[in-house]
J.: 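First, the structure itself, so that you have it in front of you.
What you see is a predicted model; the values in this text were computed from it and never measured.
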Amino acid sequence: MSQCVTLRTFTGLLLLFGSLMALPVQAELSVTRGSQVGAAAQESNATPEWIYTVRPGEHFAGIADALLAKGIPAIRLLQHNGIDNPATVTSGDNLRIPLAWLQRQPDPARVNSVTGSVQLISGSDGTKRPLNSDSLIRVGDEIQSQAGTATIELADGSVVRISPHSRLAFNRLTQYGKSGMVDTRLRLNQGEIETQVKPVIEGGSRFEIETPSAVAAVRGTMFSLRTAPGMTDLRVTEGEVSFGPPGQTRRIPAGYSASVSTAGVGRMNIRRLPPAPQINPLPQQLKQLPAQLSWAPNGANSHRVDIFDADSGRWINSSKVSDSSFDINLLDNGRYEIHLAAIDNRGMAGMPGVMSFEVDLQARTAALEQPEPGATVNDDMPEFRWQLRGENEVARVEISENKDFGNTIATSEWAPDESALPSRPLTPGQYYWRVVTEAGGNSVATSEARSLVVNGTLPPVRIISVNYVDSQVRVFWQKVDTATDYRLQLSEEPGFNNIIKEATLSDTTAALRLIPGRRYFVRLKALSDGPLESRWGPGRELFLE
C-alpha cells in the first residue's frame with residue numbers, strides 16, 4: 001500500500017510541475033543519451049516514464065537488475081511492456097520504465113575549487129569545517145562562503161559557482177540507478193550563485209533551486225540567482241528558467257531578468273538585460289602581464305568582470321569596474337575565460353560578453369649582482385641581490401655547499417623582490433649561490449652559480465654575573481663555541497669611547513681591581529683562530545663601594 005501511495009504522490013508532483021511549466025508531462029522527464037520518450041506514454045499513459053534503449057550485448061535480466069529498485073520484480077517490467085519472453089528483448093528495443101520503479105540513491109556533488117574562506121556545514125551533525133577542493137557534498141550539507149568562492153560539480157556535470165557571502169543548502173542529490181538521470185534540489189538562503197546546468201539530452205538532470213521568496217526550475221541553461229531579505233533576482237544568459245513564487249512560475253528566456261518580492265505575493269518584475277558589451281580583441285596567447293582588457297563604451301556606469309579557469313571552472317576573480325578597461329594580472333599559465341557584463345541601475349549584471357585567452361609566461365634568467373663571484377663576507381647572514389628581467393616573476397635565492405646544488409642548505413622565500421637574506425645563518429666555509437625565477441606558476445629559469453666564502457661572525461658575549469670581594473671584582477661570562485679567546489674592555493663611560501683597560505683572555509672569567517667609589521663599564525667579544533670574531537656584547541656597569 002505504501003508503495004502505491006508513494007507512486008501516486010510522486011506522479012502527482014510531476015504532473016503538477018508539468019502543468020506549471022505549461023508543457024506536456026513527458027517534457028519534464030529525463031532522457032539519457034540513446035533513449036527517447038515513447039509516443040504511447042505521451043498519448044495514453046499518465047504515469048511518468050523513462051524509455052530505455054537496449055544496447056548491444058545487454059540482456060533483460062541485467063537491465064532490470066541495474067535499473068529497478070528493490071521490491072520491483074523484473075516480471076512487472078515485462079508485464080508493463082507487454083513482453084512474454086525476456087529472451088526476445090534485443091539490441092535497439094525500447095523498454096518503458098515508470099520513474100517510480102527506478103533505483104534511487106544519494107549521489108554526492110564534488111568541490112572543484114575553493115578560493116578564500118569557505119565553510120562546509122555537515123548535514124549529519126552540524127559541525128563546521130573548511131571547504132577543500134575534492135571534498136564531497138552530501139544531502140543535507142550546506143556551504144557558507146565568507147569572502148571566498150567555491151565551484152561545485154554535480155553528478156551529471158552541471159556546475160554551481162557560489163559567490164562570496166552566500167549560503168547554499170543541498171536538499172536532494174538523487175541518482176536514478178544507472179540511468180544517468182539525477183534529481184537535484186538546492187536552497188539558496190543568502191547571497192548569489194551562478195549555474196551551468198547540463199541539458200536533458202546530456203544527462204537528464206532535474207535541477208531546482210528554492211529561495212525564501214521564489215523557486216527556479218531548469219532543464220539545461222546558464223543563469224544566476226541571488227537572494228536577500230524580501231527579494232530574489234534571476235538572470236538568464238542561456239536557455240530558459242521557470243521562475244517565480246511557488247505555484248506561480250513563468251518561463252524567463254535568455255536575455256531577461258526577473259525579480260520576486262515577498263511584499264506582494266505573485267508580483268514579479270521582468271526586464272530585458274543590458275546587452276553584452278563589445279570587447280576589443282585580445283591576443284589569443286598572452287606572453288606578458290599585465291594586459292589590458294578594454295571595451296566600447298555603452299552608457300553603463302559600471303561593469304562586472306569575472307575570470308574563470310577554462311579547464312576546472314574555478315572562479316579566479318570577480319571585479320566591479322567603473323570605466324571601460326580592466327588590467328588582467330597575477331594569473332598563472334593556463335586557459336581562461338572572461339565574462340564581461342554591464343550592470344544596470346538595480347545592480348544586476350547583463351548579458352555577458354565572453355572572451356577566451358591563454359596565459360603563457362616564460363621566466364627569464366635573473367642577473368646576479370651581489371656578492372661578486374668568489375667574494376668573501378664576514379657576515380653569517382649576507383644579503384643577496386639580483387635583477388629580474390621578466391614580467392610577473394617571483395624569485396628566490398638558493399645556497400648549496402656544492403656546484404651541482406645536490407644539497408640545498410638554505411633558501412629565501414618566493415617573492416617578487418630583487419634581494420633576500422638566507423633562511424638561516426651560514427657557518428664559516430665555501431658556498432655556491434644562484435637565483436631561481438618563476439613565471440606563470442610553472443615556468444622556471446635558473447641563473448648561473450657564484451661561489452662565496454663566509455667568514456661569518458661569532459655570537460656576542462653575554463656577561464652572566466659579577467662578584468664583589470673586598471677591592472676586587474670578578475666578572476663571569478658565557479662560553480662561545482668555536483671561540484679561542486675573549487677580548488675584554490673596561491671604560492669609565494657607557495659608550496666605551498675612552499678605554500682604560502683592554503685584555504685578551506682565554507678563560508670565561510676575569511678579576512679586576514677597581515678604585516672604590518667610581519663607576520666602570522665592562523664588555524667582551526669572542527675571538528677565533530681565523531678572521532671570525534663576534535660583535536661586542538652588551539656593557540655591564542661595575543661599582544665598588
Side-chain angles (χ1 to χ4, degrees), residues 112-116 133 281-294 305-319 325-338 355-375 377 381-424 426 430-452 454:
N112 270 356
S113 62
V114 180
T115 58
S133 295
L282 270 178
Q284 287 295 306
Q285 197 172 69
L286 300 180
K287 293 289 188 180
Q288 64 180 26
L289 294 178
Q292 188 176 76
L293 177 76
S294 62
V305 180
D306 292 297
I307 303 178
F308 302 102
D309 184 283
D311 296 324
S312 68
R314 181 166 62 97
W315 207 336
I316 304 295
N317 179 270
S318 182
S319 300
S325 65
F326 174 79
D327 283 340
I328 303 172
N329 204 353
L330 300 178
L331 294 179
D332 287 342
N333 289 344
R335 298 189 306 113
Y336 297 91
E337 190 172 89
I338 282 186
M355 176 172 287
S356 299
F357 63 94
E358 181 181 3
V359 174
D360 186 20
L361 305 181
Q362 299 296 317
R364 299 183 61 188
T365 303
L368 304 186
E369 293 185 346
Q370 296 291 334
E372 296 287 347
V377 296
M381 292 286 286
E383 182 182 42
F384 297 90
R385 303 188 65 85
W386 60 89
Q387 190 173 47
L388 295 175
R389 297 192 291 190
E391 301 289 339
N392 275 61
E393 292 182 336
V394 292
R396 75 172 187 177
V397 64
E398 295 182 348
I399 304 164
S400 177
E401 293 179 324
N402 47 59
K403 291 182 180 180
D404 61 5
F405 285 79
N407 180 27
T408 301
I409 64 167
T411 64
S412 64
E413 298 292 333
W414 287 103
D417 303 327
E418 294 183 320
S419 66
L421 298 177
S423 55
R424 67 175 183 83
L426 304 177
Q430 178 167 306
Y431 298 93
Y432 297 88
W433 69 281
R434 66 186 184 185
V435 171
V436 180
T437 53
E438 181 188 87
N442 58 12
S443 178
V444 175
T446 304
S447 73
E448 81 278 8
R450 284 186 177 181
S451 62
L452 173 70
V454 175

J.: In chain order, what residues pass the ring-ring contact (aromatic ring centres under 6.0 Å, His included) check against Phe326, with sequence neighbours excluded?
T.: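 For Phe326 there are no ring-ring contact (aromatic ring centres under 6.0 Å, His included) partners, ignoring immediate neighbours.
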J.: Any non-hydrogen side-chain atom of Leu282 less than 4.5 Å from a side-chain atom of Ile328?
T.: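 Leu282 vs Ile328: side chains touch.
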J.: Applying side chain to side chain contact (heavy atoms under 4.5 Å, CB included) to Ser443 and Asn333, what does each step give before you reach the verdict?
T.: CA-CA 8 Å; Ser443 178; Asn333 289 344; 4.1 Å; yes
J.: Between Arg314 and Asn112, does a side chain to side chain contact (heavy atoms under 4.5 Å, CB included) hold up when you go through it step by step?
T.: CA-CA 7 Å; Arg314 181 166 62 97; Asn112 270 356; over 6 Å; no
J.: For Leu331 and Ile316, work out which heavy atoms get closest and say how close.
T.: CD2-CG2, 3.7 Å
J.: Is it the case that the side chains of Ser318 and Asp306 hold a donor-acceptor pair, with the cut-off being a distance below 3.5 Å and no angle test?
T.: yes
J.: Using the rule given for side-chain hydrogen bond (donor to acceptor under 3.5 Å, both in side chains), can you reason through Asn392 versus Asn329, listing the C-alpha separation, both sets of side-chain angles and the distance that settles it, and then say yes or no?
T.: CA-CA 8 Å; Asn392 275 61; Asn329 204 353; 2.7 Å; yes
J.: Nearest 0.5 Å, what's the OG1-CD1 distance between Thr411 and Ile399?
T.: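 One finds 8.0 Å between OG1 of Thr411 and CD1 of Ile399.
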J.: On a heavy-atom basis, which atom in Leu388 and which in Ala395 lie closest, and how many Å separate them?
T.: CD2-CB, 3.8 Å
J.: Is the shortest heavy-atom distance from the side chain of Thr446 to the side chain of Phe405 under 4.5 Å?
T.: no
J.: Is the side chain of Ser447 donor-acceptor paired with the backbone N or O of Arg434 at a distance under 3.5 Å, no angle test?
T.: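 Absent.
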J.: Looking only at heavy atoms, what is the nearest atom pair of Gln288 and Leu361, with distance?
T.: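 So the two residues come closest at CA-CD2, 3.5 Å.
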J.: Would you give the length of the straight line joining atom CZ of Arg385 to atom CD of Glu369, rounded to the nearest 0.5 angstrom?
T.: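 So the gap between those two atoms works out to 6.5 Å.
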J.: Of the non-hydrogen atoms in Pro382 and Pro422, which two are nearest, and what is the gap between them?
T.: O-CD, 3.1 Å
J.: Kindly give the heavy-atom pair with the smallest separation between Trp414 and Glu438, and that separation in Å.
T.: CZ3-CB, 3.9 Å
J.: Taking the side chain from Arg424 and the backbone from Ala410, do they hold a donor-acceptor pair closer than 3.5 Å?
T.: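 No; zero donor-acceptor contacts below 3.5 Å.
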J.: Is the shortest side-chain heavy-atom distance between Leu286 and Phe357 below 4.5 Å?
T.: yes
J.: Do the side chains of Val305 and Ile338 get nearer than 4.5 Å, heavy atoms only?
T.: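 When only atoms from C-beta onward are counted, Val305 and Ile338 do touch, with a gap below 4.5 Å.
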J.: For Tyr432 and Asn402, work out which heavy atoms get closest and say how close.
T.: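 Closest pair (atom of Tyr432, atom of Asn402, distance): CD1-C, 3.6 Å.
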J.: To the nearest 0.5 Å, what is the distance between CZ (Phe384) and CZ (Arg450)?
T.: 11.0 Å
J.: With a 4.5 Å cut-off on side-chain heavy atoms, are Tyr431 and Ile409 touching?
T.: yes
J.: Please check this pair: side chain of Gln362 against backbone of Lys287, looking for a donor-acceptor N/O pair closer than 3.5 Å.
T.: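 No; zero donor-acceptor contacts below 3.5 Å.
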J.: With distance as the sole test, does Thr437 use its side chain to make a donor-acceptor pair with the main-chain N or O of Arg364 at under 3.5 Å?
T.: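 Answer holds: yes.
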J.: To the nearest 0.5 Å, tell me how far Gln387 CD sits from Glu418 CD.
T.: 6.0 Å
J.: Within the 3.5 Å criterion, strictly below it, is a donor on Asp417 or Ser419 matched to an acceptor on the partner's side chain?
T.: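 The answer is no; no qualifying pair exists.
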J.: Please examine the side chains of Arg335 and Asp311, heavy atoms only from C-beta on, and report whether any two atoms are closer than 4.5 Å.
T.: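 Asp311 vs Arg335: side chains touch.
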J.: In this structure, are over 12 heavy atoms from other groups packed under 6.0 Å from Gln430 atom CD?
T.: yes
J.: Backbone N or O of Val397 within a donor-acceptor pair of the Ser412 side chain at under 3.5 Å?
T.: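 Indeed, once roles are kept as given, a pair shorter than 3.5 Å links the two residues.
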